[in-house]
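Everything on this sheet refers to the single structure shown next.
Whatever order the structure lists ligands and atoms in, that order sets their numbers, starting from 1. Computation of the quantities below employed the complete heavy-atom set of this structure, encompassing side-chain atoms and omitting hydrogens, waters and symmetry-equivalent molecules. Note that the structure is predicted; figures quoted are calculated from it, not measured.
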Amino acid sequence: MNNTDDKQADRIFAEPVGQVSPFCFDETVAAVFPDMISRSVPGYSAILSMIGDISERYAQDNSTCYDLGCSLGAATLAMRNGIQAKNCRIRSIDNSSAMIKRCEEAIALDASTIPVEISCGDIQQLEIKKASIVVLNFTLQFIDPNDRQTILQTIYDGLLPGGILILSEKVHFDNTSHQALMTELYHNFKRVNGYSDLEIAQKRTALENVLRSDSIQTHQQRLQQCGFSSADLWFQCFTFCSFIAIK
Ligand SMILES: C[S@@+](CC[C@H](N)C(=O)[O-])C[C@H]1O[C@@H](n2cnc3c(N)ncnc32)[C@H](O)[C@@H]1O
């Protein structure tokens, strides 16, 4: 992201608390989010950089590119700097007012002239029209699993022919020994990035029933059911992956 220089360190779960509250994207999280996500999601910066490259290839003239669950606008900025198509606009939305306030500030500092409309709202209420690219970068996992097919269908219906969905998610594996290995390697990644065992454990508790992961197979079945002509993985590291689905 552009605001790495003034990254505030994430120490939200550093001290022991009696009762860990469910995770939410409030001001405390928004303030440390660049540090939190880069130390918690393996490949996050690579995924952003590739979203820029993919945008260069897939953005269509006279279309809209959507960043759903935009947080501080990292994927918005990646798209904005990658898009070469003419007369494109970007629509970015998040239901956390703390995130949106900081997102507006970050976009205002960016030199690109591609118009960006930022709003605070629920992605499930958003109308998607004339879209060439839709990005769900680690957002769908926070939506009620019962609503996931509907939102993906809305995205598919709003995409132009040849349009794409980039769907990045934390996933789980049905094979228990593989799941255990991936979890162990992931926790080691977090330790290497400076998180203590207490921070790892308390964050895990906070995310229980808030981040509900699916398997890779469940994601691909949903995308196929929507009608996407292909839905393939283009990135994976441990339990973090990203799909590209093409209409
Ligand atoms: C892990 S963050 C996404 C990271 C971001 N896409 C990026 O690339 O940096 C998940 C975001 O989804 C937002 N979110 C969760 N449910 C939402 C909903 N129903 N509508 C809009 N935003 C939502 C949260 O507020 C949060 O900012």
Exercise for the section: Give the contacting part of Ile143 toward ligand 1: side chain, backbone, both or neither, where contact means a heavy-atom distance below 4.0 Å. Expected result: side chain
Fill in the blank from the handout: Filtering Gly69, Ala78, Ser71 for the heavy atom nearest atom 6 (N) of ligand 1 leaves Gly69
Handout entry: N or O pair under 3.5 Å between Ile123 and ligand 1
Key = yes
Practice task
Please say whether Asn95 places an N or O atom under 3.5 Å from an N or O atom belonging to ligand 1.
Solution key: yes
Practice task
List every atom of ligand 1 that sits less than 4.0 Å from any heavy atom of Thr139, numbering the atoms from 1 in the order shown and giving each element.
Solution key: 3 (C), 12 (O)
Problem - Ring-face cation contact, Phe13 with Lys203, 6.0 Å cut, 45° max - result: no
Exercise for the section: Return yes if a side-chain donor-acceptor contact under 3.5 Å exists between Ser177 and Asn175, otherwise no. Expected result: yes
Completion exercise
Taking only non-hydrogen atoms of Asp122 and a 4.0 Å limit, the atoms of ligand 1 in range are 18 (C), 19 (N), 20 (N)
Exercise for the section: Say whether Gln141, considering both its backbone and side-chain N or O atoms, lies within less than 3.5 Å of an N or O atom on ligand 1. Expected result: no
Exercise for the section: Using a strict cut-off of 4.0 Å, indicate which atoms of ligand 1 neighbour a heavy atom of Ser96. Expected result: 25 (O)
Handout entry: Salt bridge present between Arg57 and Asp53 (N-O < 4.0 angstrom)
Key = no
Completion exercise
Counting from 1 in the order shown, the ligand 1 atoms closer than 4.0 Å to a non-hydrogen atom of Gly121 are 20 (N), 21 (C)
Exercise for the section: Please say whether the positively charged group of Lys170, taken as NZ for Lys or CZ for Arg, lies over the ring of Phe138, i.e. under 6.0 angstrom from the six-membered ring centre and within 45 degrees of the axis. Expected result: no
Problem - Contact (N/O only, under 3.5 Å) between Ala74 and ligand 1 - result: no
Problem - Parallel, tilted or perpendicular: ring planes of Phe240 versus Tyr186, cut at 30 and 60 degrees - result: tilted
Practice task
Could you tell me whether Glu199 and Arg204 make a salt bridge, using a distance below 4.0 angstrom between a side-chain N and a carboxylate O?
Solution key: no
Problem - Electrostatic pair Asp197-Arg191, nearest N-O below 4.0 angstrom - result: yes
